[in-house]
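Only one structure is covered here, and it is reproduced in the block below.
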Amino acid sequence: MSLETTVPALRPRPLTITRLSLAEAVSRRLVLAGILLSAVFVGLFWLGFSFLYSRAAEVTGTDAELVFAATLMTVLGLYTVHFLGGFLSMFLAIGAVSSEVDSGTLHAVLARPLARWSWLLQRWLAFAGLAVCYVVVMGGVLLVIARLVAGYEPVDPLRALALLALEALVLLTLGLLGSTIWSTLANGVVVVSLFGLAWLAGIIEFVGDVIGNQAMHTIGVAVSLAVPSDALWRGASYYLQSPLFLAATATQDGGTPFASATPPSGRLVAWSVVYVALLLALAVRRFARRDL
Amino acid sequence: MPAELAVRTVDLRKVYGRHVALHGLSLEVRPGEVVGLLGPNGAGKTTTVKILTGLVRATAGEATLFGVPVTDPAARRRIGYLPEHFRFPDWLTGGELLAVHGRLAGMAPAAARGRIPEVLDLVGLSGRGGERIRGYSKGMTQRLGIGQALLHRPDLVLLDEPTSALDPIGRREVRDVIRALRAGGVAVLLNSHLLSEVEMVCDRVAIVDRGRVVRSGRLDELVGGGAEIRVRLDRVDGRALELLAGFGDVVAVEEETVVLAAEGVDPAPELAAALVRAGYDLHALVPVQQSLEDVFVGLVHGSAG
């Protein structure tokens with residue numbers, strides 16, 4: 001045994017915490033379970049899509065109606081992905097800080113020459129990678145199935161997936177900020193409620209637009225600013241529909257309650273990016289000052 | 001290496017709401033020195049160490065490690081830390097945990113690979129590094145925690161109640177590790193409420209109560225000065241008392257036993273010789289050192305009112 005002190009003082013090696021967080025997801029079978037369940041979901045989607053599409057082909061026969069059927073099924077499938085991706089992001093984030101603090105695993109780590117902002121951003125990066133991978137891969141696979149089975153071509157699949165990824169980041173960052181403030185349980189309640197509120201506000205805004213109620217429209221917009229998750233889904237939904245379907249439904253105001261007939265505004269996308277950056281900065285600030 | 005103090009705190013204050021945890025705590029640890037922070041629960045020992053490791057922000061006062069303010073993460077490059085209450089990610093193996101900490105300490109992968117078995121060996125976990133921490137006992141986890149703190153050969157090791165989960169053998173091994181660290185020139189700040197532990201390994205002790213250092217110094221300074229000698233003779237007469245008084249103050253006389261408060265160097269050998277020369281039968285000559293416990297209890301009780 002030798003204990004002489006001769007090692008030069010060095011900085012922590014980059015991305016150690018990101019790697020550790022990813023290794024944890026893999027080791028805890030989170031990734032395996034996610035992959036298995038997702039495979040089941042994809043399989044069911046494939047079966048359902050094929051079955052319904054062939055039924056539709058038997059019953060109707062006109063090209064337009066077949067495209068409509070494919071659009072509805074695709075949007076519905078991606079709607080599910082948006083929900084699953086949203087919950088995955090929230091569940092990854094709600095205990096990202098608080099559970100580490102409570103369990104006492106953080107003390108030894110943060111006593112290393114590692115700045116707290118670095119720890120937090122590295123952890124965010126790991127979870128962001130997982131969440132974005134999830135929605136992009138799942139959404140992408142569903143779109144490929146729709147194309148293989150029905151030759152379905154949405155307006156812009158890449159933009160749709162990018163918006164879904166942005167939505168996942170919004171929810172993840174919201175959960176991470178909450179995790180620096182509240183206990184895991186309280187944060188879970190808060191974040192899931194906000195997600196639900198955003199969803200409800202999306203419907204309120206839609207109904208307000210249909211019946212021409214300005215107050216309902218304003219409430220919807222205000223909530224979308226506070227939690228832009230549902231607005232981003234509606235933006236993604238526009239790009240998921242087929243141009244033919246959009247043209248046919250353009251006469252109605254605002255499309256359907258769950259899918260938008262108008263493209264997302266550039267301001268929404270810009271605000272969402274700023275939102276993520278802002279919440280991340282707040283989380284860093286909050287965490288940096290906290291006594292552990 | 002410049003003789004920068006390993007630890008230096010000046011008037012450290014920490015206030016949690018209405019509760020004052022630290023009340024102007026000043027402490028110094030020199031390089032290579034083993035200092036014990038001794039105090040009752042809630043005295044502020046853990047808060048002090050957490051401020052030093054950057055886990056808690058001081059309300060006021062100064063704290064540096066090797067001259068670097070503790071608010072700078074770079075201050076933590078040369079330290080190892082064993083928290084009081086901690087858990088490790090239990091899905092890692094012991095070896096993997098040490099590898100993670102090696103990376104966090106900035107060790108080159110090759111250096112870490114060589115060092116990890118050495119550290120496991122040092123803390124008595126040889127051959128157990130491949131097992132998941134989930135399966136470790138409390139004592140093994142504690143050993144791993146100590147290993148983690150020593151991994152990168154720090155110049156200062158902060159140990160917060162390092163033996164709390166250990167059996168007597170484990171405690172002894174920890175003391176051996178601390179002695180080995182001192183022999184290697186590593187400074188150690190040891191938080192403990194176990195007097196015997198502090199007494200056995202520390203060069204200096206700072207007794208902490210209610211958020212401040214109430215007494216500090218070398219062990220022999222703290223417990224010295226009050227050393228007494230209990231002498232039992234075949235008879236105690238005026239001549240004997242006169243003779244004894246030449247070696248210190250006679251504190252008490254009970255039948256054939258005299259308690260003598262000696263000063264300075266231990267007078268026992270000369271006293272024995274003198275008594276025998278004078279024709280007394282010496283039945284017992286027992287130095288009664290005031291123990292650290294006496295000092296501690298006196299100080300802490302005194303302030304507890």
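Below, read A as the first sequence line, B as the second, and so on, with proteins coming before strands; counting in each chain starts at 1. Keep in mind that the numbers below use all heavy atoms, side chains included, and drop hydrogens, waters and symmetry copies.
- Heavy atoms of A:Arg28 lying under 4.5 Å from chain B belong exclusively to its side chain.
- Proximity to chain B involves both the backbone and the side chain of A:Glu24, based on heavy atoms less than 4.5 angstrom apart.
- Contacts with chain B (heavy atom to heavy atom, under 4.5 Å) involve no residue of residues 122-133 of chain A.
- The side-chain heavy atoms of B:Arg132 and A:Ser27, taken from C-beta on, include a pair separated by under 4.5 Å.
- Residue B:Arg182: no heavy atom, backbone or side chain, is found under 4.5 Å from chain A.
- With sequence neighbours excluded, the residues forming a side-chain hydrogen bond (donor to acceptor under 3.5 Å, both in side chains) with B:His193 are B:Glu161, listed by chain and number.
- A 4.5 Å side-chain heavy-atom check between A:His107 and B:Lys50 finds at least one atom pair inside the cut-off.
- Listed options B:Lys14, B:His85, B:Arg103 were ranked by heavy-atom pairs under 4.5 angstrom with chain A; first place goes to B:Arg103.
- With sequence neighbours excluded, the residues that form a ring pair (Phe, Tyr, Trp, His ring centres under 6.0 Å) with A:His82 are A:Tyr79, A:Trp233.
- Donor-acceptor pairing under 3.5 Å is recorded for the side chains of B:His152 and A:Arg112.
- Within 6.0 Å of CZ on A:Arg13 lie more than 12 heavy atoms contributed by other residues, nucleotides or ligands.
- Across all their heavy atoms, A:Arg116 and B:Gly54 have their closest contact at NH2-O, 3.0 Å.
- A:Ala186 pairs by the side-chain contact (heavy atoms from CB on, under 4.5 Å) definition with A:Trp182, A:Ser183, not counting sequence neighbours.
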